[in-house]
Amino acid sequence: QVQLVESGGGLVQAGGSRRLSCVASGRTFSGYIIGWFRQPPGKEREFVAVISWNGGSTTYADSVKGRFTISRDNPKNTVSLEMNSLKPEDTAVYYCASRTSVIVSTMPAQYNYWGQGTQVTVSA
């Protein structure tokens, strides 16, 4: 069992930045792939970014590539999502999730544990 808690959401103006954090507890954190997903209002949950267990591999959705950066600090059981040049269309509830596999995935259904989410609102 892994418990995930996101933080860092809030209201930000377009063009601004925000840093989200995901802190894990429970089983060994370093063995898990961690992904960030988001759910915009009225839409389905979508992939944002994912990082391999050792941080050596990252994958981003095309919509955030070049603007968002995912990183992890295994000794601190933390994965961060640095979001820059934010746009109103980035408004969503952001979730971190863990996957008990060494294979990176962008599909929400392949993640085992989820946090409660944190709201990010980008004003125009």
Side-chain angles (χ1 to χ4, degrees):
Q1 188 85 14
V2 175
Q3 293 80 42
L4 302 170
V5 178
E6 304 96 334
S7 63
L11 177 63
V12 60
Q13 289 188 332
S17 299
R18 202 78 182 180
R19 184 179 181 89
L20 304 182
S21 294
C22 173
V23 178
S25 61
R27 298 182 64 182
T28 305
F29 176 75
S30 61
Y32 288 77
I33 287 169
I34 301 294
W36 281 98
F37 296 82
R38 66 187 182 186
Q39 188 162 14
K43 298 184 179 180
E44 293 187 352
R45 195 167 298 188
E46 63 185 29
F47 167 74
V48 174
V50 61
I51 189 165
S52 62
W53 70 274
N54 63 354
S57 175
T58 57
T59 302
Y60 297 91
D62 287 343
S63 59
V64 307
K65 200 172 295 183
R67 300 188 297 123
F68 290 13
T69 302
I70 189 171
S71 61
R72 70 189 294 164
D73 185 340
N74 284 343
K76 294 184 178 180
N77 286 359
T78 300
V79 171
S80 298
L81 185 69
E82 182 73 31
M83 306 185 295
N84 298 313
S85 303
L86 283 163
K87 307 174 182 179
E89 50 263 44
D90 294 318
T91 294
V93 178
Y94 283 72
Y95 299 89
C96 65
S98 66
R99 173 169 160 77
T100 53
S101 170
V102 297
I103 301 173
V104 170
S105 172
T106 64
M107 300 178 62
Q110 295 187 348
Y111 283 74
N112 309 95
Y113 302 103
W114 292 81
Q116 82 289 347
T118 186
Q119 175 73 46
V120 174
T121 302
V122 184
S123 61

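The analysis underlying the following values was restricted to heavy atoms, covering all of them including side chains, and did not include hydrogens, waters or symmetry mates.
Q3 places none of its side-chain heavy atoms less than 4.5 Å from the side chain of V5. No side-chain heavy atom of C96 sits less than 4.5 Å from a side-chain heavy atom of V79. The closest side-chain heavy-atom distance from Y60 to T69 is below 4.5 Å.
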### Message
D90 vs M83, test: side-chain contact (heavy atoms from CB on, under 4.5 Å). Steps then yes/no.
### Response
CA-CA 10 Å; D90 294 318; M83 306 185 295; over 6 Å; no
### Query
Checking side-chain contact (heavy atoms from CB on, under 4.5 Å) for the pair T100/Y32: CA distance, chi angles, key distance, verdict?
CA-CA 5 Å; T100 53; Y32 288 77; 2.9 Å; yes
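We find the CG-OG distance between N77 and S21 to be 12.5 Å, quoted to the nearest 0.5 Å. For the atom pair CZ of F68 and CG of L20, the computed distance is 8.0 Å after rounding to the nearest 0.5 Å. Considering CG of N84 and CZ of R19, their distance stands at 10.0 Å, rounded to 0.5 Å. Here the CG-CD distance, from L11 to Q119, works out to 9.5 Å after rounding to the nearest 0.5 Å.
Between P88 and A14, the shortest heavy-atom contact is CD-CB, 4.1 Å. When all heavy atoms are compared, the tightest approach of F47 to S105 is CE1-O, 4.4 Å. Nearest heavy atoms, A24 versus L4: CB-CD2, 3.6 Å. When all heavy atoms of G8 and R18 are compared, the pair lying nearest together is O-NE, 2.8 Å.
The cluster map of Ile, Leu, Val, Met, Phe, Trp and Tyr, joined by side-chain heavy atoms under 4.5 Å apart, puts Y95 and L86 in different clusters. W53 and W36 end up in different hydrophobic clusters when Ile, Leu, Val, Met, Phe, Trp and Tyr side chains are linked at under 4.5 Å. When hydrophobic clusters are built by joining Ile, Leu, Val, Met, Phe, Trp and Tyr residues whose side-chain heavy atoms come closer than 4.5 Å, directly or via intermediates, V12 is grouped together with Y94. Using a 4.5 Å cut-off between side-chain heavy atoms of Ile, Leu, Val, Met, Phe, Trp and Tyr, with links allowed through other members, L81 and V122 fall into the same hydrophobic cluster. I34 and V93 fall into different hydrophobic clusters, defined by Ile, Leu, Val, Met, Phe, Trp and Tyr side-chain heavy atoms under 4.5 Å apart, directly or through other members.
When each of E46, E6, E44 is tested with R38 by the rule salt bridge (Lys or Arg N to Asp or Glu O under 4.0 Å), just one qualifies, namely E46.
At least one donor-acceptor pair closer than 3.5 Å links the side chain of R72 to the backbone N or O of S52. The closest donor-acceptor contact from the side chain of Y111 to the backbone of I33 lies at 3.5 Å or more, if one exists at all.
Side-chain contact of S80 with E82: a donor-acceptor pair under 3.5 Å is absent, judged by distance alone.
Here M107 is tied to no hydrophobic group at all, with no ILVMFWY side chain closer than 4.5 Å. Annotation for V23: hydrophobic cluster partners, listed by chain and number, are none (ILVMFWY side-chain heavy atoms under 4.5 Å, direct or chained).
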